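Shown next, in structure tokens, is the structure this report addresses.
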There are 2 protein chains.
Amino acid sequence: MEHRIDRIKKQLHAQSYKLTPQREATVRVLLEHEADHLSAEDIYLLVKEKAPEIGLATVYRTLELLSELKIVDKINFGDGVSRYDLRKEGAEHFHHHLVCIECGSVEEIMEDLLGDVEKIIESQWGFQVQDHRLTFHGLCKVCQTATVKST
Amino acid sequence: MEHRIDRIKKQLHAQSYKLTPQREATVRVLLEHEADHLSAEDIYLLVKEKAPEIGLATVYRTLELLSELKIVDKINFGDGVSRYDLRKEGAEHFHHHLVCIECGSVEEIMEDLLGDVEKIIESQWGFQVQDHRLTFHGLCKVCQTATVKST
DNA sequence: ATTACTTTATAATAATTACACTTTATGCTT
DNA sequence: AAGCATAAAGTGTAATTATTATAAAGTAAT
């Protein structure tokens with residue numbers, strides 16, 4: 001944990017930003033909830049537990065900053081709120097998501113499944129890919145069996 | 001054009017919805033701007049040109065209805081607004097997008113490049129895919145050459 | 001004519017951003 | 001090292017923007 005905080009600190013310093021206590025608290029919340037896909041509001045509330053004096057605007061600004069530095073990814077699953085997701089160590093690509101349309105659960109896929117597809121895009125469309133967002137919508141394992149049962 | 005309106009009319013009727021004049025006007029705007037990715041507001045303004053008495057809420061409701069019936073796709077490129085995009089005739093999958101981070105242009109890709117990937121998702125994660133969203137962010141052809149020149 | 005849909009205009013809500021002001025950190029001068 | 005100037009960051013609140021809800025009125029079909 002400390003190690004990752006440290007790395008992020010360095011990433012900030014590299015662009016001459018500082019890891020202020022508020023920013024650190026925010027990053028810690030993100031680290032502690034890596035599996036979730038928290039909204040800005042969620043993060044704000046969690047940060048407030050450890051640092052009650054922090055302001056919502058600061059959380060938003062911190063998230064935006066982290067987002068610009070590609071430390072977190074800002075994602076949007078289509079329900080009016082933006083969610084923020086830490087990039088994994090050394091991952092230079094955005095990970096994929098499986099969103100269940102029944103229960104709303106979100107699963108992450110770390111593997112990069114788009115290598116071939118990106119090659120096609122670059123050669124056939126002349127588009128230089130820098131990043132991608134891939135989300136699948138469908139039924140997760142649990143809801144598949146639940147659906148079968150109920151019919 | 002009339003043919004496509006007709007088909008959409010039938011799709012609505014099949015679910016016992018009617019193609020009211022307001023809905024038709026909205027659909028016509030979508031058809032006339034198929035290449036664009038209009039926001040609800042954009043659509044509202046365009047619809048207003050031909051049917052000034054229409055209300056914004058109606059446009060929103062129509063778009064939501066069309067979205068539910070999978071006649072249009074609601075997409076989100078990360079700039080706070082939802083955009084609406086007609087599905088192509090007979091396309092049962094969501095098409096992909098190439099968004100240029102320099103000039104903001106959006107190109108569409110009709111081919112389904114995810115067949116193999118979806119198979120992997122289903123077999124390896126047990127997730128039953130129903131739809132997907134795939135967006136690439138990067139540099140379009142024009143901006144690539146522009147960038148080279150300016151350096 | 002009654003019933004269920006739709007639409008309209010407007011108000012309400014919710015997420016995000018802008019603003020004016022205060023606090024904190026940093027560097028320079030002595 | 002102490003004191004001051006400058007810049008960066010943070011705070012609470014107000015403003016903005018997109019979207020949704022609501023109540024009243026209009027349409028259309030049985």
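Keep in mind the model is a prediction, meaning the values are calculated, not measured. All values below were derived from every heavy atom in this structure, side-chain atoms included, with hydrogens, water molecules and symmetry-related copies excluded. Proteins come first, then strands; the chains are lettered A, B, ... in the order of their sequence lines, and each starts at number 1.
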Under-4.0 Å side-chain N/O to phosphate OP1/OP2 contact, [X] with [N]:
X: Q22(B); N: dT27(D); value: no
X: T20(B); N: dC5(C); value: no
X: S82(B); N: dT19(D); value: yes
X: R61(A); N: dT17(C); value: no

Interatomic distance where [atom1] belongs to [X] and [atom2] belongs to [N] [whole Å]:
X: E41(B); N: dT16(D); atom1: CD; atom2: P; value: 15 Å
X: R83(B); N: dA18(D); atom1: CZ; atom2: P; value: 10 Å
X: D79(A); N: dA14(C); atom1: CG; atom2: P; value: 14 Å
X: I54(A); N: dG12(D); atom1: CD1; atom2: P; value: 10 Å
X: N76(A); N: dA15(C); atom1: CG; atom2: P; value: 12 Å
X: K74(A); N: dA15(C); atom1: NZ; atom2: C1'; value: 10 Å
X: D42(B); N: dT19(D); atom1: CG; atom2: P; value: 11 Å
X: L12(B); N: dA28(D); atom1: CG; atom2: P; value: 16 Å

Result for 5'-nearest mapping on DNA chain D, choosing between Y84(B) and P21(B), is Y84(B)

For [X], which contact category applies under a 4.0 Å heavy-atom criterion: base, sugar-phosphate, or nothing?
X: S39(B); result: nothing
X: E53(B); result: sugar-phosphate
X: T58(A); result: base

With a 3.5 Å distance limit and no angle check, can you tell me whether R23(A) reaches the backbone of K18(A) through a side-chain donor-acceptor pair?
yes

Which listed nucleotide (dT8(C), dT16(C), dG12(D)) is nearest to the side chain of A57(A)?
dG12(D)

Starting the side chain at C-beta, find the nucleotide from dT11(D), dT16(C), dA21(D) nearest to Y60(A).
dT16(C)

Decide, yes or no, whether a salt bridge links [X] with [Y] under the criterion of side-chain N to carboxylate O below 4.0 Å.
X: E24(B); Y: R28(B); answer: yes
X: R7(A); Y: E2(A); answer: no
X: E34(B); Y: R4(B); answer: yes

Within 6.0 Å of OH in Y17(B), more than 12 heavy atoms from elsewhere:
no

